[in-house]
Participant: 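Take a look at this one; I'll ask things after.
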Amino acid sequence: MAFNPVSSFLGLFSHDVGIDLGTANTLVMVKGRGIVIDEPSVVAIDRVTKKVLAIGAEAKRMVGRTPANIVAVRPLKDGVISDFHVTERMLHYFIRAVHERSFLAQPRVVIGIPSGVTEVEKRAVHDAALNAGARWARLIEEPMAAAIGAGLPVAEPSGSLIVDIGGGTTEVAVISLGGIVVSKSIRIGGDEMDQDIVAFARREYNLLLGERTAEDIKIAVGSAYPGDHDEQRVTLRGRDLLTGLPRAVEVTADQVREAVEDSVQQIVDTIKDTIEETPPELVADIMDQGIVLAGGGALLQGLDRRVAEATQMPVHVAEDPLTCVARGTGKVLEELDAMERTLVAETYARPPR
């Protein structure tokens, strides 16, 4: 890389930044400081003036509670950008927050993206980062970043299987020698499970639940495997679709498990499909090391037992699974020369002919 005096000067005022740009949450890792931002990927906007009113946790508190002229939007859907300009403003806000609003800050940025995205979607993330104030931006596939963050030996000539279950996507990848050998990505994750619970309440009780209520129920009693917690009870509070009045219904954890079963089964099937396509030598390595679960979905009760039973392999939940991708981007920034091969090739960055 040629020496650039302007870039070198701006680097004095900037921190290298790793970003897990998630459907549900955005985490920002600063080289040498750790994770400094962990906020919902939500932006509140005035419909009339198009002015951004709040970003992150403050905006999420407004979801479902805003007047007609304010809308709380999630600019990423299924792990990819659905609203380019809002994503750009959200990234700009987080990059400025890391640098205490300094206008001279133009950091180097590494961003995690789902493994199944198109070249156009990669270009959108790359351009959004540059427009948000980065002087240099590179992308890394989320399962690779999650594996690095979970401490797996990604550079070794042995197979590691990582399952990253986020809000909008589930990424399953077999990694060896610094590259992804086999990967599958499905647009099912924590958000889909929330929708399963909303659909269950509507179908069984004619009760309309809010997204936040469904998420709280999933966190409290959601599970993927039968156990002692099945008799645990939780109250669903929402609006009766027949009377239009508030209503509360008590359900068991077993019923909630049945509600999210379809989504859980699709995740398990994707893991099995990935193993079926993996070379036998790497399967033998995975049988020794085990499957590693990362992302917020890894915290679903009993998911590790469910996957272990389906694959007949040991399954481990990564330490602090929510931050694996962000920590992985940080490690890449710390060892950029050694980990260059883990980054996405920049074919998307070529100018049109």
Side-chain angles (χ1 to χ4, degrees), residues 22-25 142-143 146-147 149-152 160-173 184-201 203-204 209 211-236 249-276 286-287 289-325:
T23 306
N25 292 285
E142 284 172 358
L152 296 181
S160 301
L161 198 159
I162 185 83
V163 182
D164 179 29
I165 308 166
T169 59
T170 293
E171 315 274 334
V172 185
K184 288 191 177 296
S185 176
I186 57 171
R187 297 197 170 182
I188 289 175
D191 290 352
E192 193 72 22
M193 295 180 199
D194 297 344
Q195 291 304 317
D196 289 343
I197 294 170
V198 170
F200 159 76
R203 183 177 65 249
E204 298 296 325
L209 294 184
E211 286 180 21
R212 287 190 62 190
T213 303
E215 183 184 17
D216 291 343
I217 290 161
K218 176 189 68 182
I219 292 168
V221 300
S223 67
Y225 197 85
D228 297 337
H229 56 269
D230 278 1
E231 295 309 311
Q232 195 176 342
R233 304 186 78 82
V234 66
T235 302
L236 310 183
V249 176
E250 211 174 59
V251 298
T252 64
D254 180 49
Q255 288 175 287
V256 176
R257 177 165 51 79
E258 288 297 322
V260 301
E261 170 60 25
D262 285 350
S263 293
V264 170
Q265 187 59 53
Q266 288 188 65
I267 291 169
V268 171
D269 288 344
T270 303
I271 296 169
K272 290 166 69 176
D273 291 346
T274 305
I275 293 170
E276 284 176 13
I286 295 164
M287 289 178 73
Q289 292 186 39
I291 297 168
V292 176
L293 305 182
L299 298 173
L300 187 71
Q301 285 187 66
L303 184 59
D304 52 346
R305 292 181 64 187
R306 175 73 175 274
V307 174
E309 188 176 273
T311 61
Q312 298 299 298
M313 290 184 180
V315 178
H316 315 288
V317 177
E319 182 182 346
D320 197 5
L322 285 162
T323 65
C324 280
V325 173

Participant: With no hydrogens and no angle check, is any side-chain donor or acceptor of Gln255 less than 3.5 Å from a backbone partner on Thr252?
Facilitator: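 Yes: the side chain of Gln255 pairs with the backbone of Thr252.
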Participant: For Ala310, is there any backbone N or O sitting under 3.5 Å from a side-chain donor or acceptor partner on Lys272?
Facilitator: no
Participant: Indicate yes or no: at least one non-hydrogen side-chain atom of Leu299 is less than 4.5 angstrom from one of Leu322.
Facilitator: yes
Participant: Report the C-alpha separation of Ile275 and Ile291 in whole Å, then their side-chain angles, then the decisive distance to 0.1 Å, and conclude whether the side chain to side chain contact (heavy atoms under 4.5 Å, CB included) test is met.
Facilitator: CA-CA 10 Å; Ile275 293 170; Ile291 297 168; 4.1 Å; yes
Participant: What distance do Ile286 atom CD1 and Leu161 atom CG have between them, rounded to the nearest 0.5 Å?
Facilitator: 4.5 Å
Participant: Using every non-hydrogen atom in the two residues, find where Val325 and Ala146 come nearest and quote the distance to one decimal.
Facilitator: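 Here Val325 and Ala146 meet closest at CG2-CB, 3.8 Å.
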Participant: For Asp320, enumerate each residue passing the side chain to side chain donor-acceptor pair (under 3.5 Å) test, keeping only those at least two apart in sequence or located in another chain.
Facilitator: Thr323
Participant: In sequence, state the C-alpha distance, the side-chain angles, and the governing distance for Phe200 and Leu236, and then conclude on side chain to side chain contact (heavy atoms under 4.5 Å, CB included).
Facilitator: CA-CA 11 Å; Phe200 159 76; Leu236 310 183; 4.3 Å; yes
Participant: Can you name the one residue among Val260, Val198, Val256 that meets side chain to side chain contact (heavy atoms under 4.5 Å, CB included) with Met193?
Facilitator: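 Single side chain to side chain contact (heavy atoms under 4.5 Å, CB included) partner of Met193 among Val260, Val198, Val256: Val260.
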Participant: Enter the distance from Gln195:CD to Glu211:CD here, rounded to the nearest 0.5 Å.
Facilitator: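 So the CD of Gln195 and the CD of Glu211 are separated by 5.5 Å.
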Participant: Looking at Glu276 and Lys184, is there a salt bridge between them, counting it only when a charged N and a carboxylate O are closer than 4.0 Å?
Facilitator: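 Looking at Glu276 together with Lys184, the answer is no, because their closest N to O distance does not fall below 4.0 Å.
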Participant: Should the heavy atoms of other residues, nucleotides or ligands under 6.0 Å from CE of Met313 be counted, would the total exceed 12?
Facilitator: yes
Participant: Is it the case that the side chain of Thr170 and the backbone of Ile188 share a donor-acceptor pair, with hydrogens and angles ignored and the cut-off at 3.5 Å?
Facilitator: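 Pair found, side chain donor or acceptor close to backbone of Ile188.
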Participant: What residues form a side chain to side chain contact (heavy atoms under 4.5 Å, CB included) with Glu231, not counting sequence neighbours?
Facilitator: none
Participant: Decide yes or no on side-chain hydrogen bond (donor to acceptor under 3.5 Å, both in side chains) for Asp269 and Gln265, but give the supporting numbers first.
Facilitator: CA-CA 6 Å; Asp269 288 344; Gln265 187 59 53; 2.8 Å; yes
Participant: Using every non-hydrogen atom in the two residues, find where Ala24 and Gly167 come nearest and quote the distance to one decimal.
Facilitator: CB-CA, 4.3 Å
Participant: Check whether any side-chain heavy atom of Thr169 lies under 4.5 Å from a side-chain heavy atom of Glu142, and answer yes or no.
Facilitator: yes
Participant: Do Ile267 and Ile165 come close enough that some side-chain heavy atom pair is under 4.5 Å?
Facilitator: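 They are in contact (side-chain heavy atoms under 4.5 Å apart), so the answer is yes.
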Participant: Would you mind reporting whether Arg257 and Asp254 have side-chain heavy atoms less than 4.5 Å apart?
Facilitator: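 They are in side-chain contact.
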Participant: Leu300 and Gly222: which non-hydrogen atoms are nearest, and at how many Å?
Facilitator: CD1-C, 3.6 Å
Participant: With rounding to the nearest 0.5 angstrom, report the CD to CZ distance, Glu192 to Arg187.
Facilitator: 12.5 Å
Participant: Count the heavy atoms belonging to other residues, nucleotides or ligands that lie under 6.0 Å from CD of Glu261, then report whether that count exceeds 12.
Facilitator: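 Yes - once you tally the heavy atoms of other residues, nucleotides and ligands closer than 6.0 Å, there are more than 12.
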Participant: Test Val307 against every option in Val264, Val163, Ile271 by the side chain to side chain contact (heavy atoms under 4.5 Å, CB included) rule and name the one that passes.
Facilitator: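 Result for side chain to side chain contact (heavy atoms under 4.5 Å, CB included) with Val307: Ile271.
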Participant: CD1 of Ile162 to CG of Leu152: how many Å apart, nearest 0.5 Å?
Facilitator: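 If I round to the nearest 0.5 Å, the distance is 5.0 Å.
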